[in-house]
Amino acid sequence: MSQLHPISGCDNTARKADVVFIHGLGGDAFATWRHGDSADTSWPHWLGHEHKDIGVWSLGYAASPTKWARLLRWIGRGDRDSGHSMALPARAGQVLDRMVQKGLGERPILFVCHSLGGLLAKCVLRKSADSLDPPMKQIASSTRAVLFLATPHNGAALATLADAFRTIFRTTVSMEELRAHDAHLLDLHDWYRKHSPNYGVRTVTYYEARSVKDAAMIVNSTSAHPGVGADPVPLDEDHLSIAKPRNPDDQVCDGLRSLLKNHVLSSSVPSTATPPGATQPIVVTVQAPNQAPHRVPRQLPHAAEKFFGRVAEKRQLVERLRAGKNTVVVGHAGLGKTALAASALEEVVGPNASNLSASPFPDGVVYLDLY
C-alpha cells in the first residue's frame, strides 16, 4: 500500500512548505533517489539538511513492471509489494487520502516526480480538483510546483514493446498504462495542460539524453513534454540516473532550489480553492493596523457621484458586515460589485468615513481584491 515516509522536518508544525518525492516504475521510496547505499547519497536527505523549515516526504507504493517479481517473495528475496501494482486512478485516490491523513495541503506543496511518478502526481491533482471534500480539494489548491524527471506523458516506447510481448513479460497494469499514446494518458495530459496554470502550478521538466545500458532510450523529448511550462531540458543521464544526482549542486538539485525559492516558499495557501472556470468573487480582506483605532486603513476607488439602486442588496450586505460575517459579492463584470461593496463599507464605517481617502496604508493591508 502507499506510504508517505517522513524524511526531514515533517513533524515541525511551523514548517513553511512540503516537498513530496514520488518514484516511478520499479522504484522505491529510498533507492530511487540515492546513488549509493546510505542516506548521505540521498537527494531528499540533502534537501532536508539544507532546508530545516520545510517538510520532506518520500512516497512509496507498489509499482512493479512485471508480475514475475512475485517469484522473489517465494524464494525470500522480495517484499509484499513485489510483482504488484494498481491502476493510476485507484492509486491516486489512495495517495490523496494518505496525504490528507498526514496533514498535507495546509502549506504550499512541491512534487518531485520520476517516470511513472509524474503521471501519478498529475492523477492525484486531478482527483483533488474534482473532489467535493475540502481537505482533499486543498491538495490541488496548495500545489505550487511540479518537477518532472523523465516522465512519459504520452507513453513510452519500452512499454509499447512490453505490451507486444505481454504473455511473456506478464506485465502489470502500471506497465500496460504506459503504452505510447494510451487514451488515458492523453486525457490526463490534456487535463494537466489546461488546468495546472489555473491553479498557479509552475512546471519544470528534465529528461534523459542517454540510453540505459546502451539498450533503450525510454523517454524522449516528445514524450517528456507535459504540454505546459518551458521546453523539457535534456541531461547527460539515463532513465535511472536522472533521479540520482551525485552532488548537491547538480542541475536537477539547482532546479529544485529555484522552484522552492521562487514559487513555493514565496507563496501562501488560500483558505479555499476556486475551481477553474467558476465565477470569481470579490473578497473583502481586513487586517488590523498598527495605528490608532479611529483610523480606517483601507484604500478604495473614488466613489461615484451618486450611488443608487441595489437597495435590498446593500441592506443585506450592510447587515452581514455589521454582524462580522464573512461575505463575498459575486456577479458578472460591470454590474457594479465594487461600487456596492464600497457604499456598504462606508455606511458601516460611519463617522470614520472621512478617513477613507486619507489612508496611509499601502494596497494589500485592507483591500478589495479581485481574484
Side-chain angles (χ1 to χ4, degrees), residues 1-23 29 44 47-48 51-61 88-113 117-148 188 191-192 194-204 226 228 256 259-278 280-281 283 285 326 328 371:
M1 63 182 297
S2 302
Q3 182 64 42
L4 270 171
H5 300 277
I7 301 299
S8 175
C10 300
D11 56 352
N12 178 10
T13 57
R15 65 186 187 274
K16 298 179 180 179
D18 288 299
V19 178
V20 182
F21 286 78
I22 306 180
H23 69 76
L47 181 65
H51 292 274
K52 303 294 185 182
D53 56 349
I54 66 173
V56 181
W57 309 77
S58 186
L59 176 70
Y61 63 102
L88 272 177
R91 177 67 71 196
Q94 184 187 44
V95 172
L96 180 59
D97 181 66
R98 197 66 174 143
M99 292 180 71
V100 171
Q101 288 177 351
K102 293 295 185 179
L104 275 74
E106 300 172 4
R107 304 165 186 83
I109 297 173
L110 187 157
F111 287 105
V112 180
C113 315
L119 304 181
L120 177 56
K122 293 196 300 184
C123 210
V124 167
L125 291 175
R126 186 173 190 174
K127 283 274 187 181
S128 171
D130 293 342
S131 177
L132 298 179
D133 179 64
M136 287 192 173
K137 201 172 191 68
Q138 193 73 7
I139 297 296
S141 62
S142 300
T143 299
R144 292 292 172 269
V146 179
L147 178 61
F148 290 117
L188 187 60
W191 181 90
Y192 185 81
K194 292 179 178 177
H195 292 86
S196 60
N198 293 335
Y199 281 97
V201 177
R202 172 72 173 179
T203 301
V204 172
V228 67
L256 176 56
L259 285 175
L260 268 175
K261 177 183 177 181
N262 300 319
H263 302 282
V264 180
L265 296 178
S266 60
S267 69
S268 60
V269 174
S271 58
T272 57
T274 303
Q280 306 297 304
V283 180
T285 306
N326 293 332
V328 295
Y371 279 93

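Contact check for V112 versus V19: side-chain heavy atoms found under the 4.5 Å cut-off. The closest side-chain heavy-atom distance from L47 to L260 is below 4.5 Å. With contacts defined as side-chain heavy-atom distances shorter than 4.5 Å, the pair L265/P108 does not qualify. Taking the side chain as every heavy atom from C-beta outward, V201 and R144 never approach each other to under 4.5 Å. Residues Q3 and R98 have side chains in contact (heavy-atom distance under 4.5 Å, counting atoms from C-beta outward).
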Checking side-chain contact (heavy atoms from CB on, under 4.5 Å) for the pair Q101/L4: CA distance, chi angles, key distance, verdict? CA-CA 10 Å; Q101 288 177 351; L4 270 171; over 6 Å; no
Set out, in order, the CA-CA distance, both residues' side-chain angles and the distance that settles side-chain contact (heavy atoms from CB on, under 4.5 Å) for L120 and R91, then state yes or no. CA-CA 8 Å; L120 177 56; R91 177 67 71 196; 3.6 Å; yes
Set out, in order, the CA-CA distance, both residues' side-chain angles and the distance that settles side-chain contact (heavy atoms from CB on, under 4.5 Å) for C113 and V146, then state yes or no. CA-CA 7 Å; C113 315; V146 179; 4.1 Å; yes
Go through M99 and V124 one step at a time and tell me if the side-chain contact (heavy atoms from CB on, under 4.5 Å) criterion holds. CA-CA 10 Å; M99 292 180 71; V124 167; 4.2 Å; yes
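Heavy-atom minimum distance, Y199 versus A140: CD2-O, 3.8 Å. Closest approach of G48 and K52 over heavy atoms only: O-CD, 3.8 Å. The two residues L132 and P134 make their nearest non-hydrogen contact at O-CD, 3.5 Å. Of all heavy-atom pairs spanning P226 and Y192, the tightest one is O-CD2, 4.3 Å. Of all heavy-atom pairs between G117 and I22, the closest is CA-CG2, 3.6 Å. Across all non-hydrogen atoms, the minimal contact from G105 to Q138 is O-CG, 3.0 Å.
The side-chain contact (heavy atoms from CB on, under 4.5 Å) test applied to N12 returns A14, R15, not counting sequence neighbours. Here F21 pairs with W33, W43 under the ring pair (Phe, Tyr, Trp, His ring centres under 6.0 Å) rule; sequence neighbours left out. Applying the side-chain contact (heavy atoms from CB on, under 4.5 Å) rule to P6 yields the partners C10, W57; only residues at least two apart in sequence or on another chain are considered. A search for side chain to side chain donor-acceptor pair (under 3.5 Å) contacts involving K194 returns D190, not counting sequence neighbours. Every residue two or more places apart in sequence or in another chain that forms a side chain to side chain donor-acceptor pair (under 3.5 Å) with N262 is listed here: S258.
Atom OG1 of residue T13 and atom CD of residue E106 lie 10.0 Å apart, to the nearest 0.5 angstrom. H5 NE2 to I7 CD1: the interatomic distance, rounded to the nearest 0.5 Å, is 8.0 Å. Of the inter-residue distances, the one linking H195 atom NE2 with L125 atom CG reads 12.0 Å to the nearest 0.5 angstrom. To the nearest 0.5 Å, atom NZ of residue K137 and atom OG of residue S131 are 6.5 Å apart. The line from CG of L88 to NZ of K127 is 10.5 Å long, rounded to the nearest 0.5 Å. Here the OG1-CZ distance, from T203 to F148, works out to 5.5 Å after rounding to the nearest 0.5 Å.
Each ring-ring contact (aromatic ring centres under 6.0 Å, His included) pair with one or both residues in residues 122-141, not counting sequence neighbours, would appear here, but there are none.
The aromatic rings of H23 and Y61 lie parallel to each other, their planes meeting at an angle below 30°, with 60° marking the opposite boundary.
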